[in-house]
**Q** 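Got a structure for you, written out below as structure tokens; questions coming shortly.
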Amino acid sequence: MRQYRQQVKETKEIRRVICNKCGKEVLVTDGIPEKEMFSVDYRWGYFSGKDGERHRFELCEECYDALLASFAIPADIEE
């Protein structure tokens, strides 16, 4: 989950980034996270039980790796 600091001008600066699964916080320096995070921002469509809902979350690399390991069919990964 990204939490932003509101500024007077119309820009947002990242204040904190927290993994939604494990709660680990990533350090942010000058608005830039010091580690990569897997970010999801998804709006569900008509044919789902979540029609119109917007889901946003962040995963640290360790939680992302655990999620991938749980897949019955591996994700396509390109280098």
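Note that the numbering runs from 1 along the sequence shown for the chain. If you're wondering where the values come from, they're calculated on a predicted model, not measured in any experiment.
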**Q** With a 3.5 Å distance limit and no angle check, can you tell me whether D41 reaches the backbone of R56 through a side-chain donor-acceptor pair?
**A**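 Between the backbone of R56 and the side chain of D41 there is no qualifying donor-acceptor contact (under 3.5 Å).
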**Q** Would you call the rings of Y64 and F38 parallel, tilted or perpendicular, taking 30° and 60° as the class edges?
**A**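 Y64 and F38: tilted rings.
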**Q** Given W44 and D51, is the side-chain contact (heavy atoms from CB on, under 4.5 Å) satisfied, shown in steps?
**A** CA-CA 5 Å; W44 289 90; D51 181 17; over 6 Å; no
**Q** Check C19 against C60 and note the closest heavy-atom contact, atom names and distance.
**A**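 Scanning both residues, the minimum pair turns out to be SG-N, 3.3 Å.
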**Q** Looking only at heavy atoms, which two atoms of N20 and M1 are closest? And how far apart?
**A**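 Between these two residues, the closest heavy atoms are OD1-N, 2.7 Å.
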**Q** Got a second to check how far I14's CD1 is from R2's CZ, nearest 0.5 Å?
**A**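 If we round to the nearest 0.5 Å, I14:CD1 and R2:CZ are 4.0 Å apart.
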**Q** Determine, using the 4.5 Å side-chain heavy-atom cutoff (strictly less than), whether L59 and I77 are members of one ILVMFWY cluster.
**A**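 Yes, it is one cluster - the side chains of L59 and I77 are joined through contacts under 4.5 Å.
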**Q** Rounded at 0.5 Å granularity, tell me how far CD1 in I32 sits from CD in E13.
**A**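 Spacing of CD1 (I32) from CD (E13) equals 9.0 Å.
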**Q** Could you list the residues that satisfy salt bridge (Lys or Arg N to Asp or Glu O under 4.0 Å) with D76, not counting sequence neighbours?
**A**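 With sequence neighbours excluded, D76 shows a salt bridge (Lys or Arg N to Asp or Glu O under 4.0 Å) to no residue whatsoever.
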**Q** Let me check something: any side-chain donor-acceptor pairs from residues 23-30 under 3.5 Å, sequence neighbours excluded? List them with distances.
**A**
residue	atom	partner	partner atom	Å
K24	NZ	E62	OE1	2.9
T29	OG1	E34	OE2	2.3

**Q** Find the distance between CZ (R43) and CD (E53) and round it off to the nearest 0.5 Å.
**A**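 Reported value, rounded in 0.5 Å steps: 10.0 Å.
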**Q** What about V40 and L68, same hydrophobic cluster or not, with Ile/Leu/Val/Met/Phe/Trp/Tyr joined at side-chain heavy-atom distances under 4.5 Å?
**A**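 V40 and L68: one cluster.
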**Q** Taking all atoms of both residues into account, what is the closest heavy-atom pair of S39 and E58, and its distance?
**A**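 The answer is OG-OE1, 2.7 Å.
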**Q** Measuring from C63:SG to F57:CZ, what's the distance to the nearest 0.5 Å?
**A**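 That separation rounds to 11.0 Å.
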